[in-house]
Amino acid sequence: MTSASIIQTPIIPRSVRGHYRTIKYLILFFAYGIYFSLPWLPWQRAHGPNQAILFDIINRKFYIFDLVVYAQDIFWLAGFLIIAALLLFFVTGIAGRVFCGYFCFQTLWTDVFLLIEQWVQGERNARIKLACGPWGLTKFFKLSLTWVLWLGVAWLTGFSFVLYWGEAPRLFVDFFHGAAPFPAYATTVFLTTSTFVMAGLAREQVCTYMCPYARFQSAMVDQHTVVVAYDSIRGEGARGRHKPDKNFLTREQREQKGHGDCIDCGYCVQVCPAGIDIRNGLQYQCISCALCIDACNSIMSATGFPRGLIRYSAQQPTRTPAWRRPKTVGYGAVLSLASAWLIWSISTRTPVELQLEQIRQPLFVVLADGRVQNHYTLKVNNKTALAASYRIDLQGMNADWEARPQRDVRLGPEQSVLVDVLVRMPAEHPVTGRQEFTMTITGEGQLQDVMKHHTVNFFWPGGG
Amino acid sequence: MSNDKQPHSAQTTGHAWDGDIQEFNNPLPRWWLWGFYATVVFAIVYWILYPAWPIGKTYTKGMFNNIEYTTAQGQHVVTHWNTRAVYEREMQFARQQQAGILKTLDQSSFDDIVKDPQKLGFAKSMAKVLFADNCQACHQAGGAGIVGRYPNLADDDWLWGGSFAQIENTIREGHTGMMPSFKTRLSRAQINAVSEYVLSLSGQASDTDLVKQGQAIFEGEGGCVACHTKAGTGNIAMGSANLTDQIWTIAKVASAKNPQEKRAAVYSVVENGVTRTMPTWKDRLSPTEIKVLALYVHELGGGK
């Protein structure tokens, strides 16, 4: 390689305190608290593991507090993802990239990695000096310590993720005895590496170059969307920004000379994790983290100027509130619809799943006494944590029938069984060669409200 | 990665021709180049660890990659990494996983298995595959059979008995069922009469005089009673068919359109005889496999 390649200097943001920084730390604290402690939360169940959240891949059961999700309920995941996407559209339409700036795990983990970096290496100036300075014992020590701490957090992140997929206390012990399943190690290594690389090394490049959400969110933002913006009219005045020199201290002095309120201190640029200058207007790199607002406000307070030179505002403010614009209403309507459907679907789920299937090879069998037999299999899946029993009945047909092992189906908690149903009819048959009838499955005891009907056909030879 | 904020000043290779013709230099992105180097390193490591280069009739076997497994026949093998060995090792693991439930099935009686949904479920799933691999070619999917060739296993008529034990025995030992040809022993008229009598046993005769003649031959000169018994109900000890029920495994009576066709169908069987063989499976399937197959066949819908 020649000197031709352009080396990107890493962005080293300065710390800032303020309103938005506090909110963001609270969100971070809350999110980390949930993520790292949730696998350890115990939960009492009549049947199943006593862990609040457990994704049991082997048995295809997903325990989420008191809800047990089966593989057949996978469409709930689709519903949840649709809701998440719509919520993103809805919020982005109103207030821009709120998700990116406040909730995205890339932002949260980068924040934590930056805190570690700052704790070990010091404030922005010290870090730049260290980065540009010659290699020595101090530099080696400080960089090593940073990386070691980063690795620690990254490992904890990957390992905590793994804990959701098994019984946490046992997995924890097994993990250090080399007795955990291979996927547990592989996932931990993969997530440790990706967390380290993404939050430690790639940082804003993930948002700028890799993240698809960052790109398509611009489709939801319009002139009326509230975004982090610099008030250039107030900041620049007629003749641009100016340093607060001797004769440029008060607003009056600056106004007289045609300069705005921006004292060009550069604090907003130094705190930006994306490395942009917000004063250049809305840019695609901006993750809307609002730290420049905090930075500017602290300066404005110090100079005695009014705060809000950088603030949340729309490029073209309208009198119509955001929630009344057609786009927002549209997103909101679809979002409510999807949420209502998911809530309805979860709350009205039946405690039993039944699948009735007719054996089609052979479709019918002639018996020794001349009668015709059809064979059906009924799969009964008990979704409750209690033992259950169901009774099978036939209606609409005067048939001799048999259920194997018996007509009363008894199931243990979260168990499923296959019942063979054999139906026999005399050889005389309708012209069509088939007759419809209903198979009813009724719950017994506590489940007596549960009743399911299945319409089935009985086939004779020569019919169909 | 390039920095968007710096203007892309044209870089050249430094060569100049004819005084002012220069060559642009567009170097590969650094991440791409390092990715390429990484694949080169990966390839070299791979060559060392895994079978890679063919050399004449042999090949490099790779290092530190031994795989140990025991085959189904109990042979212990240690070999270098290869996909066949990985497969064998996985099969060994699967055998170990199944060993417990297979042992349980071995030790359980048929009645126990049928009553236990877990055991029955496993046995049926296992037998379904075994049936498809070994039985389905003749007996068809679901045991539907082919009239005239292979008996239907889903009905309740059994040449060799339909209890669990009888079905298991049939699969294990196999059977040869033989109905002799009466072409030389009986005249055409006699065969015709016997056929009508046979149809009468299941209530399908149309000519009462012929039935009477046939009965005499059936019980006398023809000697049919020796196997089919006087009542015509057959004998499972020798696999002779029950002629009194509605199931015809060889004569195509069920699909016949009129009495003449029905009689012709039976006539053909009496005239030509039948020999059918169910092969023995004890040399090809394990006792457990035969047991679950017997269970599966029994549960197809007609087990006794």
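The structure displayed is predicted, hence computed values, not measured ones. Chain letters run A, B, ... following the sequence lines, proteins first, then strands; residues in each count from 1. Every heavy atom of this structure was used, including side-chain atoms; hydrogens, water molecules and symmetry mates were not.
- Under the salt bridge (charged side-chain N to carboxylate O under 4.0 Å, His left out) criterion, A:Arg97 pairs with no residue, sequence neighbours left out.
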Hey, mind stepping through A:Asp420 and B:Lys124 against salt bridge (charged side-chain N to carboxylate O under 4.0 Å, His left out) and telling me if it holds? CA-CA 12 Å; A:Asp420 283 297; B:Lys124 274 190 173 179; 2.4 Å; yes

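- With a 4.5 Å cut-off on non-hydrogen atoms, B:Leu120 does not touch chain A at all.
- When the shell of 6.0 Å around OH of A:Tyr267 is examined, it contains more than 12 heavy atoms from other residues, nucleotides or ligands.
- Of the listed residues (A:Leu422, A:Val417, A:Asp369, A:Leu367), the greatest number of heavy-atom pairs within a distance under 4.5 Å of chain B belongs to A:Leu367.
- When heavy atoms are compared at a cutoff of 4.5 Å, A:Gln415 approaches chain B solely by way of its side chain, counted from C-beta outward.
- Counting non-hydrogen atoms of neighbouring residues, nucleotides and ligands closer than 6.0 angstrom, the OH atom of B:Tyr46 exceeds 12 such neighbours.
- At most 12 non-hydrogen atoms from other residues, nucleotides or ligands lie less than 6.0 angstrom from CZ of A:Arg60.
- Environment of CH2 in B:Trp160: crowded, with over 12 heavy atoms of neighbouring residues, nucleotides or ligands closer than 6.0 Å.
- Here A:His375 is the residue among A:Gln406, A:Arg371, A:His375 with the most heavy-atom pairs under 4.5 Å with chain B.
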Is there a side chain to side chain contact (heavy atoms under 4.5 Å, CB included) between A:Gln361 and B:Gln140? Walk through the geometry before answering. CA-CA 8 Å; A:Gln361 283 178 317; B:Gln140 307 296 303; over 6 Å; no

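- Considering every non-hydrogen atom in both B:Gly142 and A:Pro362, the closest pair reads O-CD, 3.5 Å.
- When all heavy atoms of A:Ala368 and B:Asp245 are compared, the closest pair comes out as O-CB, 3.2 Å.
- Summarising the local packing, NZ of B:Lys119 is surrounded by more than 12 heavy atoms from other residues, nucleotides or ligands at distances under 6.0 Å.
- More than 12 heavy atoms of other shown residues, nucleotides or ligands fall within 6.0 angstrom of atom CZ in B:Arg95.
- Summarising the geometry of B:Asp155 relative to A:Val366, their closest heavy-atom pair is CB-O, 3.4 Å, with the distance given to 0.1 Å.
- For chain A, the option among B:Ala141, B:Gly121, B:Pro117 with the highest count of heavy-atom pairs below 4.5 Å is B:Ala141.
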